[in-house]
Each structure stands twice: as C-alpha cells, then as structure tokens.
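Please read these numbers as outputs of a predicted model, since none were measured by experiment.
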Amino acid sequence: SIDPPNFGSLECDNCEDVLRYGKLKVIKERGMLNCAVYVDPMYNLTRTSLATLVNVKFCEILSVAIFQGKPDAVNITYIDELDYSSFPQEYDIIAGGSWEARVGFDTTNLGTMSMSYPYYTHDKYFYSGTMYSGVGRTLSFTADNEDRTLLLIANAVVIAAVNAQRNGITKATYFDMPLMHLWGDSLTFMFRDMIMHAGNYDDIINEALALSDGGMGKGWNTVFHNYGAAAEVSLFWCDYVGNCPPCQWVEVNGGYVCIHMLP
C-alpha cells in the first residue's frame, strides 16, 4: 500500500529558484533528465511488466515537474544491475530502487545513496508460468547524496500523486492542486503540470496496467486515505518527532536527518 505524508504549507516569500544551482542547474542546462529504470531480475521483469512501466511513468512525471510540463525531456535507460554501494554518476536519478534491497538487515549501504517515498509495492511475482507471493519490497526513486534537492523534488512528485488521489483530483481538475513556492518561481506550477499530464496515483497505475503484459495485477498498490502511517494533519517534510523545515541536514550513522532550526 502507498502511504506518504500529506502536504503542509508550501508558501515562501523569498525562496531561491532551485533550478539555478547544483545538479538541477546541470539538468536544466542539458535540457534532459537522465533517468535510469531498474529492471530487477529478481522479479523476472521485462520492459512491459507493470512495475517497469510504473517506473517509466514516474521518470516522465519527474521530467514534467522539472521542465514545466515536458514529459519527453527525459532520457530513459533500462538497467538490470544496480550496485547499492555507490550511485552510478552517469544518471541523475534511478527509478525502481528498493530500500529493502539496499539496506534490509545489512546496514553496509545505509549512507551510500538516498531514496524517495515508495510509489510501488511488489506483492507477487511471476516465474515460469506460476504466480508466487512476493516479499513486499517497495520501489522508489534513488538519488546521489551529493545534492539532495533532486530527491526532495522526487519525493514531492510521489506525494503529489497521492495527494491528488486522496482529494479526488484528476487530469480534468488539475488546477485544484496547490502551488509550490518553496523552490522558487520555476517550479511554482509543478504539481498542476504533473497532474495535468499523468493524473492521480490511480490514473498512473491504471494507465501502466493497460499498457503492461498482463502478468501482474494492481495488487497492494492502492492509496491509504489519511490513515495508517500517514497522519491526518499535514506533515510535508516533517519527521515523526516534529522536526520541520527550515532545518539543518545532519548525518547520523550514514543517513541524514532534518533537524529543525527554529523553536
């Protein structure tokens, strides 16, 4: 099941344009997002598997968010190997990584890269004509720790798709999505752009399902509607002990924690 937190305040009077700095500046000047799609051999995935098509769609949606409505401003590369010990520098971001595969019960790769909120769950897999129960691994965006802003935008993309689902917003009513002011003027309309292009979470899954080989159904990939781990109050960028932006990123045991800077 899919259960990221909800949006809080997205207002900011003097936030800088994030497309003018770091990795996002490089991506903007290149005119293309380099997004790798991990076709995990563990699940016998192909390019027409549901999970693969969902990964492709989220690459396109991230492109829409960054390039103000352009789903084709993305270069998608299919990969069948992913070394979690070091982020591959030829890509900006990877769709289809798994926190459980990267860390699981072994913390060796805990601080090597960062992952977004999950947008897909493997509850089954298909092998040699037989359906098996899966291990429940989730799929997320995976990004380098060197520049965390791209990962924050990827997180926002996942949250926005779910937020639209929870609020009954579709392609036809994309203008009901909130404006984003935290990252400067360039990304103000990113949520409206992405929902106009892709719709809400169910729309994304159902469209991928219609294009897939039919080997997998929707399974556990449904949205929790403001219950479960997702609180009813807004928690965008806040953690579960109440730390909210603005914050200082602090490395703790190889991972990064947002520490609130104001009382």
Side-chain angles (χ1 to χ4, degrees), residues 1-4 27 32-40 43 45-80 82 91-99 115-125 137-143 150-167 169-174 177 187 189-223:
S1 52
I2 308 302
D3 192 22
I27 293 170
M32 190 73 64
L33 173 72
N34 290 331
C35 188
V37 169
Y38 181 37
V39 185
D40 192 341
Y43 297 100
L45 299 179
T46 69
R47 295 189 183 187
T48 58
S49 298
L50 177 59
T52 304
L53 293 170
V54 170
N55 287 329
V56 170
K57 284 192 170 296
F58 272 93
C59 284
E60 293 172 349
I61 294 168
L62 185 57
S63 167
V64 167
I66 295 173
F67 290 101
Q68 294 87 55
K70 297 179 180 179
D72 57 349
V74 58
N75 177 34
I76 292 176
T77 303
Y78 295 93
I79 59 174
D80 57 11
L82 180 54
Y91 311 119
D92 299 316
I93 200 162
I94 299 170
S98 168
W99 186 91
M115 311 191 82
S116 72
Y117 291 112
Y119 53 74
Y120 186 88
T121 302
H122 279 296
D123 66 319
K124 296 179 178 63
Y125 67 97
R137 283 186 177 178
T138 57
L139 302 185
S140 307
F141 282 116
T142 304
L150 178 59
L151 182 70
L152 292 177
I153 293 175
N155 259 326
V157 163
V158 177
I159 294 171
V162 173
N163 177 269
Q165 180 73 35
R166 288 173 174 159
N167 290 283
I169 301 173
T170 66
K171 291 182 181 180
T173 57
Y174 69 91
M177 288 298 290
L187 300 183
F189 296 94
M190 60 177 285
F191 298 140
R192 296 182 182 183
D193 289 340
M194 60 168 283
I195 299 304
M196 180 172 63
H197 166 72
N200 60 37
Y201 183 81
D202 268 3
D203 294 329
I204 296 166
I205 291 292
N206 289 336
E207 187 172 330
L209 189 59
L211 296 171
S212 74
D213 55 20
M216 290 291 123
K218 187 174 181 179
W220 292 349
N221 294 291
T222 57
V223 169

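- Residues Ile79 and Tyr91 meet the side-chain proximity criterion, which asks for heavy atoms closer than 4.5 Å.
- A ring pair (Phe, Tyr, Trp, His ring centres under 6.0 Å) check over residues 53-76, counting only residues at least two apart or in different chains, returns the pairs Phe58-Tyr119.
- Contact annotation: the side chain of His197 never approaches that of Asp193 to less than 4.5 Å [non-hydrogen atoms, C-beta and beyond].
- The shortest distance between side-chain heavy atoms of Leu50 and Leu209 falls below 4.5 Å.
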- Task: List the steps, then state whether side-chain contact (heavy atoms from CB on, under 4.5 Å) holds for Asp72 with Glu60.
- Result: CA-CA 7 Å; Asp72 57 349; Glu60 293 172 349; over 6 Å; no
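- Ile93 pairs in a side chain to side chain contact (heavy atoms under 4.5 Å, CB included) with only one of the listed residues (Ile27, Asn34, Leu62), which is Leu62.
- At distances below 3.5 Å, not a single donor-acceptor pair connects side-chain atoms of Asn163 with backbone N or O atoms of Ile159.
- Residues Ile153 and Met190 form a side-chain contact, since some pair of their non-hydrogen atoms from C-beta on lies under 4.5 Å apart.
- Two residues are said to be in side-chain contact when any heavy atoms from C-beta on lie closer than 4.5 Å; Arg47 and Val37 fail this criterion.
- Taking both residues in full, the closest heavy atoms of Tyr120 and Ile2 are given as N-CD1, 3.7 Å, listed atom of the first, atom of the second, then distance.
- Put simply, the side chain of Asp202 reaches to within 4.5 Å of the side chain of Lys218, judged on heavy atoms.
- Looking at Thr77, its side chain never comes within 3.5 Å of a backbone N or O of Ala36 through a donor-acceptor pair.
- For Asp203, there are no salt bridge (Lys or Arg N to Asp or Glu O under 4.0 Å) partners, not counting sequence neighbours.
- When the options Thr222, Val54, Asn200 are evaluated for a side chain to side chain contact (heavy atoms under 4.5 Å, CB included) with Ile205, the one that passes is Val54.
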- Message: Between Arg166 and Val162, does the side-chain contact (heavy atoms from CB on, under 4.5 Å) criterion hold? Intermediate values first, please.
- Response: CA-CA 6 Å; Arg166 288 173 174 159; Val162 173; 3.6 Å; yes
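- Side-chain N or O atoms of Asn155 include none that pairs as donor or acceptor with a backbone N or O of Ser116 at under 3.5 Å.
- Taking all atoms of both residues into account, the shortest heavy-atom contact from Ala160 to Met194 is CB-SD, 3.7 Å.
- Looking at heavy atoms from C-beta onward, Ser140 lies in side-chain contact with Pro118 at the 4.5 angstrom threshold.
- The backbone N or O of His122 lies less than 3.5 Å from no partner atom in the side chain of Arg137, so there is not a single donor-acceptor pair.
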- Go through Asn55 and Tyr38 one step at a time and tell me if the side-chain contact (heavy atoms from CB on, under 4.5 Å) criterion holds. CA-CA 8 Å; Asn55 287 329; Tyr38 181 37; 5.7 Å; no
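- Contact annotation: the side chain of Tyr43 never approaches that of Met216 to less than 4.5 Å [non-hydrogen atoms, C-beta and beyond].
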